[in-house]
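Here's the structure, in structure tokens; my notes come after.
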Amino acid sequence: MQNFPGVGVSPGRIIGTIRQMPKPVSEPPAGEQLPFDVTAEEATAALKTAAKAVHDDLKARAATVSGDAKAVLEATALMASDTMLLKSATKLIGRGTSNQRAIWEAGASVSEMLHNLGGYMAERATDVLDVRSRIVAELRGVPAPGIPASATPFILIAEDLAPADTATLDPDKVLALLTAGGGPQSHTAIIARSLGLPAVVAAAGVDQLPDGTEVYVDGAAGIIVVDPDESQRAAAAAWATTASLLAAFDGTGSTADGHLVPLLANVGGAKDAVAAAGLNAQGVGLFRTEFCFLERDTEPTVEEQAAAYKGVFDAFPGKKVVLRTLDAGADKPLPFLTDATEPNPALGVRGYRTDFTTPGVLERQLQAIARAEQDSEADVWVMAPMISTAEEAARFASLCAAAGIRTPGVMVEVPSAALTAEAILREVAFASLGTNDLTQYAMAADRQLGPLAALNTPWQPAVLRLVGLTVEGSMAEGHNKPVGVCGEAAADPALAVVLTGLGVTTLSMTARSLAAVAAVLKTVTLAEAQELAKLALSAPSATEARAWVREKLPVLEELGL
């Protein structure tokens with residue numbers, strides 16, 4: 001029995017046959033020159049036409065999806081029209097290089113530059129390589145690389161999936177996602193969770209298995225087994241029954257003794273919000289407002305923004321909706337707001353900090369939020385990303401007050417914010433922990449890198465201590481201000497119990513995870529959750545923290561979580 005251990009990122013126990021992602025577009029021959037009957041101008045025009053076709057195709061596909069998938073496709077589309085990429089290729093064509101070879105070499109140079117920058121910009125390196133392959137395929141008149149077509153459902157395997165692929169896969173055909181590379185916060189992992197597909201990443205060697213091989217996948221345990229035995233077949237059969245039980249959330253998050261833990265949804269727009277409301281989310285814990293700004297050369301007007309925000313508010317009348325103000329920068333550059341030449345964008349001008357360099361954009365966004373709130377029945381809370389100091393928190397609160405926003409808050413993503421939570425929470429009404437970035441910054445580990453997957457987990461005792469310090473700060477001086485979690489950690493049912501035990505007041509996640517988290521929370525009392533939190537904090541490693549807590553929660557095994 002061949003076993004491929006990896007990092008489980010989305011639960012589910014599945015047996016199926018595999019299909020490997022097709023091999024990538026072949027590299028144009030080194031030194032390939034322009035054909036004698038084609039001028040540099042003609043070759044450049046053909047390249048620009050192909051790049052526009054790729055851009056338009058990705059934009060069209062983005063228009064058919066929402067949430068994470070939409071954001072991923074729009075970001076990839078931006079790369080297809082990237083001026084640096086096309087200018088580099090045009091220069092090479094001017095020296096006699098064929099347009100296919102030129103875009104290939106230009107893509108390699110831009111990708112290497114982004115990779116060397118590290119952090120969020122390194123995440124865009126994969127996008128560039130994906131885009132250049134699509135442009136070359138367009139120039140050749142052959143199909144772009146993508147997910148294989150199949151008449152029957154299958155388990156998809158790849159070295160890693162391009163963002164545009166993960167964003168458009170058909171969950172009716174793809175049973176599970178397995179990758180040899182990537183990390184727990186890679187595009188593959190995020191899209192798998194949003195679609196409710198079992199997924200395992202960083203499973204070295206799995207991309208060498210031949211098509212048609214039957215495998216067993218446990219997306220919670222991070223296990224892939226070739227030629228499954230009877231016990232694994234029984235586990236998969238049991239999951240098929242359990243999955244239907246975990247598909248419905250009754251709209252009340254609480255522990256077994258009635259301690260309320262509202263379970264909220266992370267959304268990217270009105271379509272997401274309507275879907276989350278249909279799954280009985282108790283509100284919105286993270287409304288990513290970037291969708292209003294992506295793919296634009298100019299700032300959207302206050303009126304345009306207000307209309308977009310109101311679409312989300314209207315899905316949750318009388319319920320809490322927490323907006324994150326524009327989190328531009330790093331992996332979400334905007335031409336009218338951010339500087340793409342920063343040497344280290346993950347540590348640069350992003351989120352709230354863009355107001356230092358481009359004042360006015362944040363204030364106009366707050367005006368739009370306040371206008372949308374006036375015309376809705378939602379309970380609107382607003383938080384700023386990348387707050388590092390109490391001084392920043394105080395200034396953001398004053399901007400909110402000037403706009404007429406009653407409930408200002410902060411994202412705790414920077415370790416300094418957790419360490420000084422008491423001072424920061426004197427200035428604002430609430431905090432929300434973005435565990436994805438908090439983990440990345442606390443562990444100094446790029447969240448996209450497979451080799452660092454073991455470091456980049458919110459089960460790290462250091463990260464849990466930062467969560468605990470934030471909660472402690474919220475209760476100082478008798479304030480008892482709310483502290484939520486809106487990072488992917490909230491979608492892990494076992495970790496949700498630990499976070500509740502640490503004193504977190506709300507949990508926000510992809511809407512598909514609500515039912516599973518609710519089911520596990522209802523099996524423990526608050527006192528038991530507090531004991532499990534202490535147990536996790538006492539562990540010497542993330543691996544042991546997770547294992548020790550899971551051992552005390554037998555319901556996870558029963559439910560296949």
Side-chain angles (χ1 to χ4, degrees), residues 1-27 104 108 111 115 122-123 125-127 129-130 132-134 136-137 142-166 168-171 173-192 195 197-229 231-233 235-236 446 448-454 456:
M1 188 182 295
Q2 201 172 4
N3 191 335
F4 293 86
V7 178
V9 295
S10 184
R13 292 168 174 169
I14 296 288
I15 288 177
T17 56
I18 68 165
R19 293 289 302 273
Q20 295 279 358
M21 279 286 286
K23 296 302 178 187
V25 170
S26 61
E27 178 179 350
W104 195 269
S111 177
H115 178 76
E123 298 173 22
T126 302
D127 296 4
L129 299 182
D130 177 37
R132 79 169 180 182
S133 293
R134 293 176 186 277
V136 169
V142 301
I147 293 168
S150 174
T152 57
F154 61 94
I155 293 172
L156 180 62
I157 297 184
E159 160 58 29
D160 200 4
L161 291 173
D165 293 324
T166 57
T168 55
L169 59 84
D170 182 355
K173 284 293 176 64
V174 178
L175 300 172
L177 294 175
L178 313 176
T179 64
Q185 300 305 332
S186 65
H187 293 296
T188 302
I190 292 169
I191 297 297
L195 294 174
L197 290 175
V200 179
V201 301
V206 73
D207 56 331
Q208 302 302 312
L209 290 172
D211 277 3
T213 302
E214 187 179 52
V215 300
Y216 166 76
V217 177
D218 186 330
I223 293 172
I224 303 160
V225 180
V226 175
D227 297 327
D229 61 22
S231 66
Q232 288 151 353
R233 292 183 187 280
D446 189 320
Q448 296 293 322
L449 296 182
L452 302 182
N456 216 316

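Starting from 1, each residue takes its place in the sequence as its number. Atom set for the values below is all heavy atoms of this structure, side chains included, hydrogens, waters and symmetry mates excluded.
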Would you check if [X] and [Y] make a side-chain contact, meaning some heavy-atom pair closer than 4.5 Å?
X	Y	result
E214	I15	yes
Y216	D229	no
T179	E159	no

Write down the atom of [X], the atom of [Y], and the distance for their closest heavy-atom approach.
X	Y	answer
W104	S133	CZ3-OG, 4.2 Å
A199	A192	CB-CB, 3.5 Å
V200	G6	CG1-CA, 3.8 Å
G181	V201	O-CB, 3.8 Å
V25	A137	CG2-CB, 4.3 Å
Q20	I18	NE2-CD1, 4.1 Å

Would you give the length of the straight line joining atom [atom1] of [X] to atom [atom2] of [Y], rounded to the nearest 0.5 angstrom?
X	Y	atom1	atom2	result
L156	L177	CG	CG	6.0 Å
R19	D211	CZ	CG	5.5 Å
I224	L209	CD1	CG	8.0 Å
I155	T213	CD1	OG1	10.5 Å
T17	L175	OG1	CG	8.0 Å

- Item | I147 and M21: CA distance, side-chain angles, deciding distance, side chain to side chain contact (heavy atoms under 4.5 Å, CB included) verdict | CA-CA 6 Å; I147 293 168; M21 279 286 286; 4.0 Å; yes
